[in-house]
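The block underneath contains the structure these notes are about, expressed in structure tokens.
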Amino acid sequence: MSSRPSAPKSSETALWRPSRDEVSGLVEWSAFFAAWGFRGHWPAIADDPEQRDEALKLFRDAQDELARLEPDIRCVAAVLPANAVGEDVEIYASEARDEARERFCFLRMQRVRADGGPLYSLSDFVAPKSSGIPDWIGLFEVSVFGGTEAAAEARSRGDEYSALLRQLLFDRLAEAAAEWTHRKTMSDLWGIGDGGPAVGIRPAPGYPACPDHTEKAKIWSLLEVERNVGAKLTENYAISPVSSVCGLMFAHPKSTYFGIGKIGRDQLADYASRKGWTLDEARRWLAPSLDEE
Amino acid sequence: MKKSEAWAALEEADSSRVLVLDGAMGTMIQRHGLTEADYNDGRFEASVPLKGNNELLSLTRPDVILSIHRAYLEAGADIVETNTFNANRISQRDYGQEGRVAELNLAAAKLARQAVDEAMAKDPSRRRFVAGSMGPTNQTASMSPRVEDPGFRAVDFDALEEAFREQARALLEGGADILLVETAFDALNVKAALCAIRSVCAERGELVPIMVSGTISDASGRLLTGPTLEALYASVRHAEIYGIGLNCALGASAMRPHVETLARIAECRVSAHPNAGLPNQFGQYDQDAKGMRAELESFVDRRLVNVLGGCCGTDPTFIREIADLVRGRKPREVPKLPERTLLAGTDVLEISERSNFVNVGERTNVSGSAKFRKLIEQENYAEALGIAALQVENGARVIDVNLDDGLIDSVAVMRKFLNLLASEPSVAAVPWMIDSSRWEVLEAGVKCVQGKPIVNSISLKEGEEVFRKRALRLRELGCAMVVMAFDEKGQATTYDRRVEIISRQWKILTEELGIPGTELFFDANILTVATGMPEHDRYALDFIETARWIKANCPGAHVVGGVSNVSFAFRGNNPLREAMHSVFLYHAIAAGMDCGIVNAGQLRPYDQIEPELRERLEDVVLCRRPDAAERLVEIAESVKNSAQAESAAASPEWRTKGACERLATSLVMGVDRYVAEDMPEVLAELKTPLAVIEGPLMEGMNRVGELFGAGKMFLPQVVKSARVMKAAVEILNPLLAESAKKSVSAGKIVLATVKGDVHDIGKNIVSVVLACNGYEVVDLGVMTPPERILEAAVAEKADAVALSGLITPSLDEMRVVAERMEEAGLKIPLLVGGATTSKLHTALRLAPAYPSGVVAQTADASRMPGVLKSLLHPVTGEAARRALLEEQAAAREKRSANGPAAKVPLDEARRRKFEGEWN
């Protein structure tokens with residue numbers, strides 16, 4: 001089987017403000033219950049005699065609370081021309097592809113795989129520049145505003161339970177909005193699929209497939225996140241407001257989530273030179289991917 | 001054993017006055033400003049500094065120790081304590097001086113002896129005594145220092161007994177009159193000490209007076225490892241102790257209610273040697289001698305004590321005041337209490353004439369419960385513990401534990417299971433019945449139990465000699481015992497044989513061996529009826545008649561039996577069996593049976609059994625007609641079919657209870673709507689807002705903490721409980737003095753999400769969980785720079801700092817905070833948590849950055865209070881911190897030994913990239 005990247009319908013930056021009810025159907029409840037210390041998946045939790053009673057009570061409270069929340073959901077996304085150069089992915093200013101306006105840097109797995117499977121890098125899911133085949137990459141950022149204030153309001157009344165409930169619901173809404181945005185981007189911008197579950201993956205910088213949090217800054221500049229959404233990055237690249245998600249979208253039909261794991265010193269040096277970092281800077285930002293000597 | 005001469009002299013002295021015990025040794029030594037050279041004049045080989053190992057001074061600076069004894073005698077002490085608190089091989093191991101233990105104790109006892117003899121020569125009018133001080137060691141046999149591994153023990157009974165034996169022997173040889181087992185935080189450590197002391201006394205042919213003095217660790221009035229004072233007393237009562245008391249941890253006024261408890265229950269002398277108030281922030285004691293005297297006045301006025309002295313922070317000026325205070329005053333009168341049986345887990349269970357039938361949970365028995373056996377075989381201890389807990393929930397007042405199975409290493413599994421049971425608060429609370437047909441399992445089992453257990457069982461099966469030996473050993477170990485009606489010829493099946501065997505056993509145990517009847521539980525063999533064999537027809541009736549005989553002829557003794565045997569013929573028909581058990585018990589209890597091994601969840605009230613069934617059951621049990629069994633079999637099937645599943649409807653009944661209980665229950669259930677309604681009544685009952693917090697609120701929160709810690713409560717419930725707590729405290733706050741607010745705090749924790757990170761859900765959950773456990777939380781919010789954390793830790797005099805962070809760069813921020821804490825000279829624990837934190841990272845990166853303190857990582861919020869409690873504990877905190885450091889050192893070593901995981905070189909990895917198959 002072979003794949004031919006498909007051209008997007010639009011490479012404009014899109015802004016969306018979905019309502020609470022548009023995204024709440026996409027809330028992944030298992031994570032919500034895990035945060036409260038329940039074991040297993042929702043709705044299987046509701047069949048577990050040990051957990052059922054408390055889980056159902058919590059679910060009811062969560063539904064009631066959700067119905068009262070007034071989240072301000074803001075999403076930004078774009079599908080941009082891109083090609084891979086080694087583990088980097090260049091983003092081009094136009095379809096002429098003669099000027100790279102940005103360059104995402106990814107890592108590659110270096111673990112010994114007994115199954116002989118591939119040693120992935122996210123760049124593998126984008127057609128290499130050398131192939132001459134045009135490809136694209138999607139970017140998005142979503143933030144749900146109002147959560148911090150809603151939690152603080154409950155907390156000021158001494159109601160820690162509602163405060164935590166609200167915080168967790170806002171987090172879940174942000175994840176649901178990310179799913180919503182992924183689907184919307186694929187169908188409305190990229191023209192792949194019908195708005196149902198999206199083809200491909202949407203990994204986030206700072207997480208296993210691309211552990212370097214600093215790559216988020218590139219999303220910020222390409223999507224003008226601060227202007228379009230109002231979300232900011234802290235000095236350590238956490239997003240404020242806290243109920244936010246950003247990521248990259250890859251449409252390759254065989255793209256898959258994976259974890260980089262630990263990398264060798266050779267790749268540390270290689271990555272540092274690609275990022276223009278000293279080795280010490282690279283060590284700091286990639287610490288979790290390094291063997292702790 | 002005959003009592004020593006000192007015992008008689010002590011009794012004579014204490015009959016008319018309160019004896020004065022001396023004050024602190026450590027406080028006095030500190031004032032001499034000694035240096036390493038004073039501690040080690042070159043005679044000790046040591047890899048660590050010995051300064052602070054006060055016991056060595058008995059050899060290197062005997063002049064200092066002697067002068068301290070003299071000063072206390074001069075001040076009016078009747079009893080001086082030897083300088084041997086830590087002179088045992090377990091504590092001395094920290095200094096590498098475990099080989100010197102005998103020498104240290106001998107020298108110390110001789111010094112105290114010399115001082116006492118001099119004082120007596122000067123003034124022979126009044127006898128003075130030497131008490132050999134025996135501290136608890138720095139290890140506990142009832143708790144794990146590792147939060148993650150509750151079944152682990154750093155020390156066991158045998159090691160403790162050996163260490164105490166060595167110490168006791170040398171103390172007595174050096175001239176100690178009394179042995180004082182003090183600052184006890186674990187009843188099992190105490191039992192090991194008592195066993196050791198009594199065996200040394202047996203060697204010497206005379207029993208010396210033994211005093212036991214416990215230390216209460218918090219407002220709940222319990223020792224660190226859980227026992228109440230009543231439970232502690234139950235656990236040591238067997239050892240013919242001279243006195244029981246309290247010392248350390250509390251000042252006099254805080255100690256008084258607990259001394260009152262002891263004064264009420266102890267059938268021996270009561271002692272108290274409190275600290276000079278509570279320590280200030282620098283660990284020093286501000287109370288002066290007059291202040292302490294004022295607080296002690298009520299001890300004497302109310303005749304609560306026989307022996308009174310001082311602990312940390314007291315010196316001869318205090319002892320002079322105490323001697324003056326008690327002069328001419330009457331001591332406590334040792335009460336004569338009615339004969340009763342005391343059993344204990346961490347709570348006491350008293351069985352007397354007036355008490356109800358005691359049901360013993362039978363489901364933690366591998367031969368009785370297939371489910372339990374399977375769990376044990378699969379080493380699924382968590383669920384096996386759940387079975388034990390369920391029985392307690394269902395009303396079992398004692399838990400029977402039997403692990404006899406050919407395929408199980410019963411000794412090892414018994415130890416393991418009991419150690420784990422000890423970590424389950426609801427089950428640890430009740431007494432345990434250690435059940436095995438193998439002696440070595442019984443002995444290993446009781447050595448893991450800090451309360452007072454029952455052993456099941458001994459009999460005459462292997463003859464009188466073995467019987468005597470075992471009974472005596474169980475008595476030494478402080479156990480009540482089940483005595484089975486079994487002799488050399490076999491099991492008693494008739495009334496006559498039962499009476500024959502039991503009278504013989506009774507005679508040996510009580511008349512010959514001197515064991516009180518209250519310690520004995522006769523198992524007169526409940527055997528199966530309605531088997532179709534006419535010779536079995538009288539089995540139940542004969543048991544009932546035997547019970548009547550035992551009650552009439554063996555005063556104090558109990559009648560026990562395994563109830564489910566009686567209905568064994570109806571296996572598979574549980575409704576009928578349950579009804580039969582009820583009928584059998586109804587008649588057996590009336591005849592005197594007061595203890596039964598039953599399935600506590602499955603007893604039906606006698607009067608709810610349908611009349612026809614009840615009549616036919618009674619015909620069988622009481623052997624009223626020859627065709628009784630047939631007539632029961634006739635209706636057996638229909639009983640089974642008509643049995644309805646019982647629904648356990650939740651009862652709103654708690655609203656009818658007392659106001660305090662209602663408030664505590666509101667808390668546990670997380671219901672806030674009744675708090676305002678109940679509070680005025682609670683306040684009227686308890687008088688002060690502080691009493692409300694320390695009483696029902698604290699109790700409710702403790703229950704919540706325990707349930708959550710045991711995985712029986714979910715986080716939403718805990719958070720709701722916290723909400724109720726907050727609502728209650730808000731009502732009380734305006735009425736509460738500042739000082740009172742402080743006194744109910746378990747410690748102050750500075751909590752923050754680190755710089756550059758905004759994630760605070762985990763932090764907020766920790767904050768709630770800590771508040772539930774009595775900690776005061778100073779929450780600095782998110783994106784907190786290290787300077788602010790340090791500032792707050794110092795300004796708030798925090799007991800610990802806890803950091804949260806979700807993103808990976810936060811790990812680095814945590815390291816920065818650890819480094820800053822080191823630079824600032826802090827020593828308080830640092831706790832970290834959050835999705836990216838790990839035990840390994842903590843060991844490799846964080847702990848080495850803060851060598852003066854300790855850094856602990858917890859996987860989830862529910863573990864935080866346990867970790868904090870163990871790290872901050874005044875007595876065992878040091879051991880817990882050390883255990884953590886060792887664990888982390890081991891992790892680092894293992895890491896460096898294993899080296900990094902193998903990796904593919906980058907160019908090779910590139911060749912093995914995923915092929916996109918573009919075209």
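Everything numeric here is computed off the predicted structure, so don't read it as measured data. Throughout, protein chains are lettered first and strands after them, A, B, ... in sequence-line order, and every chain is numbered starting at 1.
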How long is the span from the CG atom in A:Asp159 to the NZ atom in B:Lys726, to the nearest 0.5 Å?
9.5 Å
Let's test your reading of the structure: which of A:Asp61, A:Ile263, A:Ile239 forms the most heavy-atom pairs below 4.5 Å with chain B?
A:Ile263
Please verify the inter-ring angle class for B:Phe914 with A:Tyr120; under 30° counts as parallel, over 60° as perpendicular, anything in between as tilted.
tilted
So which part of A:Leu168 gets closer than 4.5 Å to some heavy atom of chain B, the side chain, the backbone, both or neither?
both
Are the side chains of A:Gln167 and B:Asp760 in touch, meaning some heavy atoms are under 4.5 Å apart?
yes
Pick from A:Glu160, A:Glu235, A:Glu54 with the largest number of heavy-atom pairs that fall under 4.5 Å of chain B:
A:Glu54
Minimum side-chain heavy-atom gap A:Ser162-B:Arg723 below 4.5 Å:
yes
Give, as side chain, backbone, both or neither, the part of B:Lys903 having an atom under 4.5 angstrom from any heavy atom of chain A.
both
What are the two closest non-hydrogen atoms of B:Leu906 and A:Asp266, and how far apart are they?
N-OD2, 2.7 Å
Would you please go through residues 812-820 of chain B and name the residues with a non-hydrogen atom below 4.5 Å from one of chain A, in numerical order?
B:Asp812, B:Glu813
Considering only heavy atoms and a distance below 4.5 Å, find which of A:Met109, A:Arg284, A:Arg108 pairs most often with chain B.
A:Arg108
Compare every heavy atom of B:Ile807 with every heavy atom of A:Asn236, then report the nearest pair and how far apart it is.
O-CD1, 3.3 Å
Counting heavy-atom pairs closer than 4.5 Å to chain B, which one of A:Ala84, A:Ala127, A:Gly264, A:Gly37 comes out on top?
A:Ala127
Closest heavy-atom pair, B:Trp918 versus A:Val126, reported as atoms and distance to 0.1 Å, is CZ2-C, 3.4 Å
Heavy-atom closest contact (A:Trp36 atom, B:Val719 atom, distance):
CZ3-CG2, 3.9 Å
Atom pair CD1 (B:Ile765) and CG (A:Leu164), whose distance is rounded to the nearest 0.5 Å:
5.5 Å
Side chain, backbone, both or neither of B:Ala722 within contact of chain A (heavy atoms, under 4.5 Å)
neither
Whether over 12 other heavy atoms sit under 6.0 Å from B:Arg673 CZ:
no
Return the minimal non-hydrogen interatomic distance between B:Gly756 and A:Ala238, and the atom names on each side.
O-CB, 3.3 Å
Is the count of non-hydrogen atoms from other residues, nucleotides or ligands lying under 6.0 Å from A:Lys232 atom NZ greater than 12?
no
Looking only at heavy atoms, which of residues 145-158 of chain A get nearer than 4.5 Å to chain B?
A:Arg155, A:Gly158
Given heavy-atom pairs under 4.5 angstrom as the criterion, report whether the side chain, backbone, both or neither of A:Arg113 touches chain B.
both
For B:Lys720, is the NZ atom crowded, meaning more than 12 foreign heavy atoms sit under 6.0 Å from it?
yes
CG-CZ distance between B:Leu715 and A:Phe33, expressed to the nearest 0.5 angstrom:
12.5 Å
The residue among A:Glu87, A:Gln267, A:Gln110 that forms side chain to side chain donor-acceptor pair (under 3.5 Å) with B:Arg910 is A:Glu87
Shortest non-hydrogen contact from B:Val758 toward A:Ser240:
CG1-CB, 4.3 Å
